[in-house]
Amino acid sequence: MALQSVLQCFIAVCLLSTPSKGELESDASSVVQLSHSLGSRPFEPRGQINVRSLKSGSVNIQQDSSYDWKDYKEAAEANEFYHLEAFVKYNGIERTFLTSTKACLLYESQLADIITIHVDLLGNIYGVSVATPHSQQCTGTVLEFEPNFNTTVLISYMEHGPVPDVAMYVQKVEQEKVAKERGETKDNRSFIAKYWMYIVPLVLVFMMSGASNPEQPAR
């Protein structure tokens with residue numbers, strides 16, 4: 001089966017949470033070599049994704065299904081999984097990621113899939129995942145189709161977590177401190193909350209005295 005022409009990857013390359021260009025510390029080009037397998041079959045080459053720029057989302061993909069339509073049909077009917085192996089080269093680093101989806105989902109989507117490249121804030125690729133636009137449940141038979149992948153590549157950026165508002169907290173503590181020094185604050189605690197340190201010892205004394213002097217049985 002001839003290698004499909006270079007797809008300027010539905011560059012809908014959707015930037016899931018688009019950072020500013022200054023956020024990524026590195027923007028080196030990357031190569032993601034793809035291999036795939038149905039069920040327990042050995043992995044076969046599928047193609048590769050060339051990432052020219054993570055900042056701009058410049059990506060293209062070359063790929064070939066290498067499996068026949070009947071192979072996907074048999075794997076779907078056997079409730080097997082479709083496995084995708086991604087061998088990534090970037091910044092002089094090599095990593096391999098393995099991701100899977102149900103073969104029936106890929107089969108019923110007629111080989112329409114979504115490959116997501118996960119990138120941290122340093123510009124390092126830390127994961128590759130595959131999914132289908134199909135629902136999460138397989139529904140039934142599919143008419144025969146040409147086993148050519150219709151792939152969308154997404155780049156997902158790690159986002160900054162929420163940052164505590166330290167300045168607001170310090171300001172609140174200072175205001176409470178000043179109010180307490182001026183006597184402007186009132187203690188709204190209950191009686192027990194205020195004087196528990198006196199009440200507890202008294203209760204313990206009564207309990208201990210009652211235990212040490214039990215009533216004598218009547219004769």
Side chain to side chain, Ile125 and Ser30, heavy atoms closer than 4.5 Å:
yes
Roughly how far, to the nearest 0.5 Å, is OH of Tyr67 from CZ of Phe149?
9.5 Å
Measuring from Asn124:CG to Tyr90:OH, what's the distance to the nearest 0.5 Å?
4.5 Å
Heavy-atom check, side chain of Pro147 versus side chain of Leu111, under 4.5 Å:
yes
Within the 6.0 Å centroid threshold, strictly below: Tyr82 and His36
yes
His118 to Ser129 - nearest heavy-atom pair and separation
NE2-OG, 3.0 Å
Rounded to the nearest 0.5 Å, what separates atom CG in Asn50 from atom CD1 in Ile61?
9.0 Å
Residue pairs passing the disulfide (SG to SG under 2.5 Å) test where at least one lies in residues 31-69, sequence neighbours excluded
none
How long is the gap from OG1 on Thr151 to CG on Leu34, to the nearest 0.5 Å?
8.5 Å
Students often mix this up, so state it plainly: with edges at 30° and 60°, are the rings of Phe43 and His83 parallel, tilted or perpendicular?
tilted
What are the two closest heavy atoms between Ala76 and Ala103, and how far apart are they?
N-CB, 4.1 Å
Spacing of OG1 belonging to Thr101 relative to CG belonging to Leu106, to within rounding of 0.5 Å
7.0 Å
Count I, L, V, M, F, W, Y as connected when their side-chain heavy atoms are under 4.5 Å apart, and connections chain through other members. Are Val88 and Ile93 then in the same cluster?
yes
Do Asn60 and Gln62 have side-chain N/O donor and acceptor atoms under 3.5 Å apart?
no
Rounding to 0.5 Å, atoms CD1 (Ile115) and CG (Leu154) come to a distance of 9.5 Å
Going by atom types alone, do Glu44 and Ser37 pair a side-chain donor with an acceptor below 3.5 Å?
no
N-O pairing of Lys73 and Glu77 below 4.0 Å:
yes
Of Val119, Val153, Ile117, the one forming a side-chain contact (heavy atoms from CB on, under 4.5 Å) with Val51 is Ile117
Applying the 4.5 Å side-chain criterion to the ILVMFWY set and letting contacts propagate, would Trp196 and Tyr198 be lumped into a single cluster?
yes
Run the side-chain contact (heavy atoms from CB on, under 4.5 Å) check on Lys102 and Asn79 step by step: do they pass?
CA-CA 7 Å; Lys102 296 188 73 172; Asn79 197 29; 3.3 Å; yes
Are there more than 12 heavy atoms of other residues, nucleotides or ligands under 6.0 Å from atom CD of Glu146?
no
Lys/Arg N to Asp/Glu carboxylate O, Asp113 vs Arg46, below 4.0 Å
yes
Between Phe87 and Gln48, does the side-chain contact (heavy atoms from CB on, under 4.5 Å) criterion hold? Intermediate values first, please.
CA-CA 9 Å; Phe87 178 68; Gln48 72 178 36; over 6 Å; no
Taking NZ, NE, NH1 and NH2 as the nitrogens, is one of them in Glu74 or Arg41 under 4.0 Å from a carboxylate oxygen of the other?
yes
Answer yes if Phe81 and Val128 sit in the same cluster of Ile, Leu, Val, Met, Phe, Trp and Tyr residues linked by side chain heavy atoms under 4.5 Å apart, and no otherwise.
no
Give the minimum heavy-atom separation between Thr116 and Ser156, together with the two atoms involved.
CG2-CB, 3.8 Å
Is Tyr126 reachable from Leu98 through a run of I, L, V, M, F, W or Y residues, each pair having side-chain heavy atoms under 4.5 Å apart?
no
Keeping to residues at least two apart or across chains, list the disulfide (SG to SG under 2.5 Å) pairs with something in residues 29-118.
Cys104-Cys138
Membership question, hydrophobic clusters at under 4.5 Å side-chain separation (ILVMFWY): are Val200 and Met207 in the same one?
yes
